[in-house]
Amino acid sequence: MSATAPEIESVLHEERSFAPSPAFAASANFNGERLAALRAHAAADHEGFWAAQARTQLCWQQPFGQTLDDSHAPLYRWFGGGRLNASVNCLDRHLPTRAQDTAIIFERDDGEVQRWTYAALHEEVCRLGNALRLLGIGKGDRVVLYLPMGVQAVIAMQACARIGAVHSAVFGGFSAESLKDRIEDAGASVVITADAAPRGGKRVELKATVDRALSAGCGSVEHVLVFQRLDGCAMQAGRDLWWQTLVPQQATHCEPEWVESEHPLFLLYTSGSTGKPKGVQHSTAGYLLGATVTMQWVFDLQPGDVFWCTADIGWITGHSYVAYGPLANAATQVIFEGVPTWPDGERFWRMIAAHKVSIFYTAPTAIRSLMRLGDELPARHDLSSLRLLGSVGEPINPAAWLWYQRVIGGGRCPVVDTWWQTETGAIMIAPVPGAMPTKPGSCTLPLPGICAEIVDEDGHPLSKPGHGGLLVVGKPWPSMLSTIWGDDARYCSTYFGRFGKTIYVAGDGAQRDEDGYFWILGRIDDVLNVSGHRLGTAEVESALVAHPRVTEAAVVGRSHPVKGEAILAFVVVNGAREAAIAAGLAQELCQWVATQLGAIARPDEVRIVEQLPKTRSGKIMRRLLRSIGRGEAVTQDVSTLENPAIIEQLRGEPAFGA
Ligand code: 6R9
């Protein structure tokens, strides 16, 4: 593996560093000293550290005996002998002191606001738990959730956890075909859905999609429970039941099912670099521990905070930082049904002001799309309740980070860039904000008890700053996936097949700077090799979006007879697209990147397009772009594409640029 070209280091090594403001640091959960003590404990005694966290942060029906069983590594087993219930940890344990505290402030698409106390949430979870038991669901049975973003999704997850059932949430934007594959792989006996959902003023059909999935297979499904959110839908007698009929009839006491630590809490399907989506399986104890402690470490959660994570419940971020983490900590959180740009681009800012949100966690794609609307929109709202901002899901370019910090955070809120994955269960590399400086574009340092490292192609640690390599985790951690549902062999080969059974390979490239801070370069398959130089697509994209005319960019490699790989960039510009093309902006951008990063990074081609192809979770579909760039047929599953019509434009444009 060659070192990163020296020209690139200047951009990767952002010079700017932001210490927490004295006001933030003064009242933060962690100062430098406390964090150092935590790190020292974890470094000296990895298992003892996690055992202490598990004892103090979770409530157990039966304490665990063995902290970590590694006798079947990499099938690690945490907290053996212990028994607990996730829903008791998220609800019951708060009732003696916090029953009337607000758990959820739910804002619907149309602006209506509902408030749920911990007592009310507990009641509804118990009722639904009893309803599911009535339908024959018990410990270990799988329940697929195909629900809109909302309180019912959280209630459904908590109810499954309460009775020991394994939920598997499928994002509402997935097609009937994708839904069917997931239901079948999980062998689910019940599907919980809604008739339809409003989103950005439009209507999203859900039950009709479930009907199509079930008519194509899914023999395991016995019942479909339907929450009526809008005006109803067709129901199949004997199979389909209304939530509003069945659930209110149930008792508000529901005896929790005490489960072993490793009992699966949920499955979440995620796409890998090959083949069909994998059912990532998470445990009850270890997963819940990760979601619980990271709320305190990374989000500095404190009494009185109003936390808002904008992720949909269909993604891992919506599991750890909507359904479990905030509730396990007795927090008050905002849940939003709609989209950031409807009815206008002020929706997020208006909501932060209205609900006095103090901790806000969103994705770079949302930040960039709101940034392009201008500073005046957020300026119209009182954002002074904010004290911390978070980012997740993809590398955040320094320009977006700085805008977020300055315009949304008013310069006083730390920005925590959080690196983690569906598989890791909880945040892994991120600042502990009161205790250390942040740098725009860096997720900073691994959290205590997380042994993230960077290694070369042979697995040797890369200790020198500025050398790109593979991001790995050298020791197991509690919230790691237990396995891939029904496929231990695939689990072992996907994550532990490269450097032996103790090294988890994340699939991302990264490098460290002089302070040891981590800079994520993107997925390994997104790292380009141009003339023997390693170039992260993120670096080139960051350079492109630093140009005043560019609002978004996606970079892919395509094979080149001399250089090995050449760079193809797709960009979205502000202002009229046609005029930009006519004015030669594509050529200008090629030169711009060369100036910013060095000649080696000069794109061979820049295509100015109206939109980038994205999944509904906002991730750019790079594999699709690569196929297009190479002129190959599009063979990828495009069912999650938000804007399928864009393919023609991406493919059909004549070449511009150098
Ligand atoms: C939580 C989540 C995981 C992949 C991961 C990486 C990218 C996530 C990031 C980031 C740079 C960050 N990613 N957070 N890259 N900086 N702060 O998004 O899980 O959907 O499984 O995606 O997302 O490439 O490998 P998931």
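Given the structure is predicted, the values throughout are model-derived calculations rather than measurements. Counting starts at 1 for both ligands and their atoms, following the listed order.
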* To do: Mind checking whether Ile396 contacts ligand 1 via backbone (N, CA, C, O), side chain (CB onward), both or neither, at a 4.0 Å heavy-atom cut-off?
  => neither

* Asked: How does Glu394 reach ligand 1, if at all, at less than 4.0 Å between non-hydrogen atoms: by side chain, backbone, both, or neither?
  -> backbone

* To do: Answer with yes or no whether Trp420 contacts ligand 1, where contact means a heavy atom under 4.0 Å from a ligand atom.
  => yes

* Asked: Quick one: are Trp419 and Val392 in side-chain contact, heavy atoms under 4.5 Å?
  -> no

* Asked: Has Lys439 got its NZ or CZ under 6.0 Å from the middle of the six-membered ring of Phe18, at an angle within 45 degrees of the ring axis?
  -> no

Under 3.5 Å between some N or O of ligand 1 and some N or O of [X]?
| X | value |
| --- | --- |
| Thr422 | yes |
| Thr270 | no |
| Ser391 | no |

Minimum distance, heavy atoms only, to [atom]: which one of [options] is it?
| atom | options | result |
| --- | --- | --- |
| atom 23 (O) of ligand 1 | Gly318, Gly393, Ser442 | Gly393 |
| atom 11 (C) of ligand 1 | Pro395, Ala510, Gly390 | Pro395 |
| atom 25 (O) of ligand 1 | Ile429, Asp508, Ile316 | Asp508 |

* Asked: Is the centre of the Phe496 ring less than 6.0 Å from the centre of the Tyr491 ring?
  -> yes

For the pair [X] and [Y], find out whether any cationic side-chain nitrogen is under 4.0 Å from an anionic carboxylate oxygen.
| X | Y | result |
| --- | --- | --- |
| Glu541 | Arg622 | yes |
| Lys614 | Glu552 | yes |
| Arg498 | Glu457 | yes |
| Glu453 | Lys475 | no |

Ligand 1 atoms in contact with [X] (distance to a heavy atom under 4.0 Å):
| X | result |
| --- | --- |
| Val392 | 1 (C) |
| Thr317 | 1 (C) |
| Thr418 | 9 (C), 12 (C), 14 (N), 17 (N) |

* Asked: Which heavy atom of the protein is the closest neighbour of atom 22 (O) of ligand 1, given with residue, atom name and distance?
  -> Lys619 NZ, 3.6 Å

* Using the six-membered ring wherever Trp is involved, compare the ring planes of Phe266 and Tyr324 and label them parallel, tilted or perpendicular (cut-offs 30° and 60°). => parallel

* Full working for side-chain contact (heavy atoms from CB on, under 4.5 Å) between Phe348 and Phe336 -> CA-CA 9 Å; Phe348 271 8; Phe336 177 41; 4.0 Å; yes

